[in-house]
Amino acid sequence: MTSLKKTIAGSLLAASVFAVAPAVLAAPPVVSPTVAALPDFADIVDRTGPGVVNIRTTERVRQNAQGQGGMDDPEMQEFFRRFFGIPVPKQQQPGTPRGNGKQGGQGQQEEVPRGVGSGFIISADGFILTNAHVVEGASDVYVTLTDKREFKAKIVGSDTRTDVAVLKIDGSNLPRLSMGDSDKIRAGEWVLAIGSPFGLENTVTAGIVSAKARDTGDYLPLIQTDVAVNPGNSGGPLINLKGEVIGINSQIYSRSGGFMGISFAVPIDEALRVADQLKASGRVTRGRIGVQIGEVTKDVAESLGLARAQGALVQRVEPDGPAAKAGLEAGDIIQKYNGAAIERPSDLPRMVGATKPGSKATVTVWRKGSARDVSVTVVELEADKPKQAEDKKAKPDNAPNALGLVVSDLSDAQKKELKVDNGVLVESAAGAAAAAGIRPGDVIQRVNEVDVKDSKQFGQLVAKLDPKKRAAVLVRRGDSSQFVPLRPNGGGN
């Protein structure tokens with residue numbers, strides 16, 4: 001009892017102290033939440049930077065006797081820099097390879113700048129990974145290391161479906177980068193990119209992973225980031241905080257041609273699988289079963305009694321193809337491939353593509369209220385055909401016109417794919433057109449104020465141009481169009 005009273009008394013005494021002098025008792029300490037420090041990328045850059053290379057490509061073109069048709073023109077210089085992201089010197093710079101000096105039917109063959117990009121070394125003996133679009137159509141490829149050593153590279157192979165290419169330079173004990181595991185990345189983690197945007201070598205940018213598997217194509221779920229990537233960054237590494245490569249910076253979403261906060265990288269796991277095949281045979285072998293597929297919507301799933309909307313709806317079966325021979329039908333829903341669930345339609349082409357041609361695969365399909373397993377023999381997927389091979393309407397004249405262009409008509413399929421209503425496809429570019437950066441695959445849509453309908457009409461328009469005046473030629477590349485000022489060089493159709 002006594003001890004209880006003491007306690008009460010003590011409590012009363014404490015209460016009186018609080019009432020008389022509230023400021024005497026210190027306030028409890030404020031506990032701040034733990035704040036993680038921002039990463040310091042400097043050490044990572046020091047370790048990985050030497051393994052990143054600058055890649056520049058050139059193209060051999062025949063120059064007419066009248067010259068390059070505008071290379072020294074300031075307006076042409078500014079256009080080339082802004083639209084194509086490539087600074088073009090007004091005159092020959094030291095160290096720039098020249099043409100072989102051979103004379104052809106149209107004049108001297110000369111090597112002109114075509115593009116710049118990035119890459120990174122994956123083996124000490126000189127194998128390099130980059131994007132296929134960086135080296136596509138190049139006559140020669142030059143690789144520059146951070147220590148300023150320059151090598152002429154050999155293209156071992158490239159794969160347009162995954163946008164991966166392998167180069168080889170002659171060297172030993174080269175600084176190579178460590179490969180990471182792109183399957184283990186998480187949205188929100190820090191990453192950095194090293195490359196040559198607009199030709200500015202060894203540029204470092206940083207950001208976070210925005211999404212892990214963004215569907216942008218049949219064979220490639222890309223890594224989405226907010227790392228600044230611009231023309232020239234293509235082919236460079238996407239690096240995690242361990243200094244490991246987890247992707248190849250490949251493309252951006254842009255309405256202006258420049259970075260708008262969204263960039264995409266090829267997962268390094270997929271890139272290495274492709275690289276192994278390219279090093280072994282120079283090409284990538286993929287499987288196919290001969291079906292055209294679509295999405296299983298929620299409404300379709302409910303009407304067919306499926307628990308949820310997943311799988312790939314067979315819209316068409318190729319006659320006499322592997323799927324047809326196995327008994328697959330239009331209207332089937334493919335739910336599994338070799339036991340692996342098909343969550344989205346894009347999962348199926350990737351799984352089939354990774355299957356060795358000639359092997360058998362088990363496809364689980366939903367048909368008329370029940371699931372069944374079907375055995376399909378996978379065959380090889382044919383390699384991509386050049387776009388110009390699709391056009392059967394007109395064969396281009398091999399002689400460049402007064403602008404230095406050889407063009408062909410666009411087929412309906414090409415117009416649909418390129419999302420254009422008119423224009424002609426550039427088959428080759430020389431003279432003024434090559435100097436301005438126009439290259440095969442571009443589409444010429446307009447000359448001055450006249451829309452281009454076909455190659456014949458385009459030839460007539462060019463033939464009527466005043467050689468003393470520049471013509472405004474509307475050129476489309478990808479999703480962007482730009483007027484290119486060109487002066488006819490006196491040639492003709």
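Because the structure is a prediction, the values reported are computed rather than measured.
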### Task
Go through the steps for T225 and S263 under the test side chain to side chain donor-acceptor pair (under 3.5 Å), then give the verdict.
CA-CA 5 Å; T225 76; S263 55; 2.7 Å; yes

Strictly below 4.0 Å, N to O, side chains only: are [X] and [Y] in salt-bridge contact?
{"X": "K148", "Y": "E201", "result": "yes"}
{"X": "D421", "Y": "K415", "result": "no"}
{"X": "E382", "Y": "R286", "result": "no"}
{"X": "E343", "Y": "R350", "result": "no"}
{"X": "E270", "Y": "R273", "result": "yes"}
{"X": "E244", "Y": "R47", "result": "no"}
{"X": "R149", "Y": "D147", "result": "yes"}

### Query
Where do N54 and S196 land on the side chain to side chain donor-acceptor pair (under 3.5 Å) test, with the steps shown first?
CA-CA 6 Å; N54 171 265; S196 303; 3.0 Å; yes

[X] and [Y]: side-chain donor and acceptor closer than 3.5 Å?
{"X": "S455", "Y": "D409", "result": "yes"}
{"X": "T297", "Y": "D299", "result": "no"}
{"X": "S182", "Y": "D269", "result": "yes"}

### Task
Just do the side chain to side chain donor-acceptor pair (under 3.5 Å) check on T355 and Y337 with the steps written out, would you?
CA-CA 10 Å; T355 305; Y337 182 83; 2.9 Å; yes

### Message
For the CG atom of L238 and the CG atom of L222, what is their distance to the nearest 0.5 Å?
### Response
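Result: 11.5 Å between the selected atoms.
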
### Message
Just verifying a value: how many Å separate I128 CD1 and I122 CD1, rounded to the nearest 0.5 Å?
### Response
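It comes to 9.0 Å.
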
### Task
Would you kindly check if the NZ (Lys) or CZ (Arg) of K453 is within the cone defined by 45 degrees around the ring axis of F458 and under 6.0 Å from the six-membered ring centre?
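No, cation not above the ring by the 6.0 Å, 45° rule.
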
#### Entry: side chain to side chain contact (heavy atoms under 4.5 Å, CB included) evaluation trace for L410 with V424
CA-CA 6 Å; L410 287 169; V424 290; 5.7 Å; no

### Query
Of R56, K152, K154, which meets salt bridge (charged side-chain N to carboxylate O under 4.0 Å, His left out) against D140?
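Looking at R56, K152, K154, the match for D140 under the salt bridge (charged side-chain N to carboxylate O under 4.0 Å, His left out) is K152.
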
### Message
Pair L278, V284 - check side chain to side chain contact (heavy atoms under 4.5 Å, CB included), show working.
### Response
CA-CA 6 Å; L278 292 176; V284 177; 3.8 Å; yes

### Task
Tell me, with the steps shown, if S118 and N233 meet side chain to side chain donor-acceptor pair (under 3.5 Å).
CA-CA 6 Å; S118 306; N233 269 115; 5.1 Å; no

